[in-house]
Amino acid sequence: MYVCNDLRDVLIQNGESLPRQKTSSHLLLLAAGGKGTLRAGGHSYAVDEGRMFLLGIGEWFEIESRHGGGCRLLLLDFDELESMPSWETERRFRKITGRFPQYGELQGKEVRELYDTMLRLKEAADQAHASSGNRQGILFQQLVGQLLTAGESERPLSSLEDIERTIAYMEEHFHENLERDKLAAIAGLSPWYYSGLFKRIKGCSPIAYLNEIRLRHAKKRLLDPRASIGEVARSCGYGDESYFRRKFKAETGVTPGAFSRKSHERIAVLSNPYTAHLLALGIKPLAAPVEKGRELYRETYYSSVPVHLGRSCLEHGETEFSIWHTNYKLLAAAGPSYILCDDGLLQMQYGLDLNHIAPCGSVPWLELNWRSHLRHIASLLRLEERAESWLERYEAKAAAARIQLEAAIGTQSLMLLRVAKDQLSVFGRRNVGAVLYDDLGLTCPYEWNDIQVEQVVDMDFVSACNPAYLLLASDTDAESIDCLKQLAASDKWRCLQAVANSRIVHVEPSPWLEYSPLAHDLIIDKLLGWLT
């Protein structure tokens, strides 16, 4: 039941204000003229003619006019009353709030109708004859009906920002006791309307969505074998461990303990280099990008990867968008416990949220070197000891190889040159240079440390380098093969000391052009086999 308490016509003079006060009822404000500012609910609104605002019970607000003129407002105080259970003959009521779909500034095509109705209600209130009382009641009920449907046609789109704001709050405060009413208040919507709108936009209730967030964080924390089930439950917002165990099994099909024990067997990787990082940590991924033609050294591992994902390269008429969508479907069907990818790929999701499938770990690609990549991934998976053990073994291997290579070729220069179509390239510190010139201390005939990944060069550059040893990595397409033939026929090529002394070796692009632990480990073996 809705009851009109008061309808006031308020004029705020130039530079004056309506002092800060707290509502004791619903308050509907209509800007009937002039300009001003309304501050309510942590927001500031421009008060211009025709705008309308609805405040709930217990909200603080203040209004001030702008310099250069005052502003006129119509303020309607009204209550929503709910009948209380009573064994007395007299009915009792209590005030309630939060039932209207919009609070704050009202939006939608109905605002014009609300504006007209409120003006007519004010006109009826000003008429002091007996018949106006019934008309006032009819107009007031009409106004309430319009408030109950205000903005519904536009709301799913205009309220997306409100819904996303509550989701961001859930992500940050998932470990706290969050209820629907609190989330609705953050959105500035009534609880029942908020729930319906959330479900229309996200396909589930707010509490179900919150539970997804909590379970995602729980899965991530269950990767740590040192964490107890009780600790995980409490840290993710579940006060009752038994309830957490039941909920987790209902959602995943396994108990938290079983999930923790098997979690490392169901890790998916979306960024190609990180497959090698997982393998270095002793993990064979559940799903990984596979391109057999370009990654021959990994061929022995591919049979143990159940789900082969597409590489993010534009081949066979596929687009980045189509590859991403296909991979998303494959991951959703596979049900990994964790998804690993680089930070750039995680941002490029085409509207598909990987977190709906499993917790995601993002590895900064450009900010870290390959050793830090391995350590970062190990920390995400709580496998730090494995990473340090692998790196310790690698450092010892590289140190021993460095001594052998120094004895074999001394300070003579070695260079890797790539031929791709009609283009020649050399590499720097975030590629093969990291292992050749940093780990193994070989002599580079150019400033390799100034090149981040790859630098396109010409034959004059290669002639100026004139390496004593040459690794030649060529693509196998017709254009690359033609380029190789033209090089071999040129005088500049034949004059290279590596070519003249038959110190040239043709190598596959993989693993030589891969920036990963396993690739570098294998490069050491291949170099020792050739040069010693």
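Starting from 1, each residue takes its place in the sequence as its number.
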For this session: Ignoring hydrogens and angles, tell me if any N or O in the side chain of Asp475 forms a donor-acceptor pair with the backbone of Asp477 under 3.5 Å.
Result: no
Problem set entry | Beyond-backbone contact of Leu383 with Leu223, side-chain heavy atoms, under 4.5 angstrom | no
Problem set entry | Atom pair CG (Leu368) and CG (Leu374), whose distance is rounded to the nearest 0.5 Å | 11.5 Å
Exercise. Taking the side chain from Thr443 and the backbone from Thr411, do they hold a donor-acceptor pair closer than 3.5 Å?
Worked result: yes
For this session: Ignoring hydrogens and angles, tell me if any N or O in the side chain of Ser425 forms a donor-acceptor pair with the backbone of Val456 under 3.5 Å.
Result: no
Exercise. Do the ring centers of Trp370 and Tyr274 come within less than 6.0 Å of each other?
Worked result: no
For this session: Would you name the heavy atoms of Cys483 and Leu424 that are closest together and state the gap between them?
Result: SG-CD2, 4.5 Å
For this session: May I ask you to establish whether Arg430 and Trp365 are in a cation-pi arrangement, using a distance under 6.0 Å from NZ or CZ to the six-membered ring centre and at most 45° from the ring axis?
Result: yes
Exercise. Between Val305 and Thr275, is any pair of side-chain heavy atoms under 4.5 Å apart?
Worked result: no
For this session: Answer yes or no: is there an ion pair linking Asp521 with Lys397, defined by an N-O contact shorter than 4.0 Å?
Result: yes
Exercise. Under 3.5 Å, is there a donor-acceptor pair between the side chain of Ser480 and the main chain of Thr476?
Worked result: no
Exercise. Do Arg266 side-chain atoms and Gly335 backbone N/O form a donor-acceptor pair below 3.5 Å?
Worked result: yes
For this session: Please check if atom CD in Gln452 has more than 12 non-hydrogen atoms from other residues, nucleotides or ligands closer than 6.0 Å.
Result: yes
Exercise. Given Leu416 and Asn431, is the side-chain contact (heavy atoms from CB on, under 4.5 Å) satisfied, shown in steps?
Worked result: CA-CA 11 Å; Leu416 186 144; Asn431 214 298; over 6 Å; no
Seminar exercise, completed: Scanning both residues in full, the closest heavy-atom pair of Ile186 with Arg165 reads O-NH2, 3.1 Å
Problem set entry | Spatial distance of atom CG (Leu222) from atom OG1 (Thr252) [nearest 0.5 Å] | 9.0 Å
Exercise. Taking atom CZ of Arg429 and atom OH of Tyr515, what is their separation to the nearest 0.5 Å?
Worked result: 8.0 Å
Problem set entry | Separation of Ile377 CD1 from Leu340 CG (nearest 0.5 Å) | 4.5 Å
For this session: Kindly indicate whether the side chain of Tyr328, heavy atoms from C-beta on, has any atom under 4.5 Å from the side chain of Ile357.
Result: yes
Problem set entry | Closest approach of Leu330 to His308 (non-hydrogen atoms, all atoms of both residues) | CD1-O, 3.8 Å
Problem set entry | Minimum-distance pair of heavy atoms, taken over all atoms of Ala187 and Thr166 | CB-CG2, 3.6 Å
Exercise. With a cut-off of 6.0 Å (strictly less than), are more than 12 heavy atoms of other residues, nucleotides or ligands near CD of Glu176?
Worked result: yes
Problem set entry | Val462 side chain reached by Val426 side chain, heavy atoms, under 4.5 Å | no
Problem set entry | Ile283 and Arg386, any side-chain heavy atoms less than 4.5 Å apart | yes
Problem set entry | Interatomic spacing from CZ in Phe427 to CD in Glu454 - rounded to 0.5 Å | 4.0 Å
Problem set entry | Side-chain donor or acceptor of Ser195 paired with backbone N/O of Pro191 under 3.5 Å | yes
Exercise. So Ser379 and Glu384, side-chain contact (heavy atoms from CB on, under 4.5 Å) or not? Walk me through it.
Worked result: CA-CA 6 Å; Ser379 69; Glu384 293 91 343; 3.9 Å; yes
Exercise. Between the main-chain N or O of Ser228 and the side-chain N or O of Glu231, is there a donor-acceptor pair closer than 3.5 Å?
Worked result: yes
Problem set entry | Pairing of Asp482 and Lys421 as salt bridge, 4.0 angstrom limit | no
For this session: Without swapping roles, check the side chain of His373 against the backbone of Pro364 for a donor-acceptor pair under 3.5 Å.
Result: yes
Exercise. With the threshold set at 4.0 Å, does a side-chain nitrogen-carboxylate oxygen contact exist between Arg375 and Glu388?
Worked result: yes
Problem set entry | Contact check, side chains of Leu183 and Met170, non-hydrogen atoms, under 4.5 Å | yes
For this session: Could you tell me whether Glu212 and Arg216 make a salt bridge, using a distance below 4.0 angstrom between a side-chain N and a carboxylate O?
Result: no
For this session: Step by step, work out the side-chain contact (heavy atoms from CB on, under 4.5 Å) result for Asp438 and Trp448.
Result: CA-CA 10 Å; Asp438 193 2; Trp448 69 276; 3.9 Å; yes
Exercise. Under a 4.0 Å N-O cut-off, is there an ion pair linking Asp439 with Arg371?
Worked result: yes
Exercise. Judged by atom type as modelled, is there a donor-acceptor pair below 3.5 Å linking the side chain of Asn327 to the main-chain atoms of Leu309?
Worked result: no
Exercise. Under a 4.5 Å cut-off applied to non-hydrogen side-chain atoms, are Asn177 and Glu179 in contact?
Worked result: yes
Seminar exercise, completed: Minimal heavy-atom distance between Ala434 and His520, with the atoms involved, is CB-CE1, 4.2 Å
Exercise. Can you check side-chain hydrogen bond (donor to acceptor under 3.5 Å, both in side chains) on Glu508 and Ser510, steps first, answer last?
Worked result: CA-CA 5 Å; Glu508 296 287 343; Ser510 178; over 6 Å; no
Problem set entry | Residue pair Pro336 / Ala358: nearest heavy atoms and the distance that separates them | O-CB, 3.3 Å
Exercise. Does Tyr169 reach the side chain of Leu178, with side-chain heavy atoms less than 4.5 Å apart?
Worked result: yes
For this session: Go through Glu241 and Arg245 one step at a time and tell me if the salt bridge (Lys or Arg N to Asp or Glu O under 4.0 Å) criterion holds.
Result: CA-CA 6 Å; Glu241 182 181 334; Arg245 290 177 181 273; 2.8 Å; yes
For this session: Evaluate the criterion side-chain hydrogen bond (donor to acceptor under 3.5 Å, both in side chains) for residue pair Asn369 and Ser372; output intermediate values, then yes/no.
Result: CA-CA 5 Å; Asn369 61 33; Ser372 297; 3.1 Å; yes
For this session: Could you go through the side-chain contact (heavy atoms from CB on, under 4.5 Å) check for His506 and Ser474 one step at a time?
Result: CA-CA 8 Å; His506 291 262; Ser474 174; 5.6 Å; no
Exercise. What's the spacing between Tyr437 OH and Leu414 CG if we round to 0.5 Å?
Worked result: 5.5 Å
Exercise. Would you call the rings of Phe461 and Tyr446 parallel, tilted or perpendicular, where under 30° means parallel and over 60° means perpendicular?
Worked result: tilted
For this session: Start with the C-alpha distance between Arg503 and Gln412, add both sets of side-chain angles, then the distance that settles side-chain hydrogen bond (donor to acceptor under 3.5 Å, both in side chains), and finish with yes or no.
Result: CA-CA 11 Å; Arg503 292 174 176 173; Gln412 297 181 85; 2.9 Å; yes
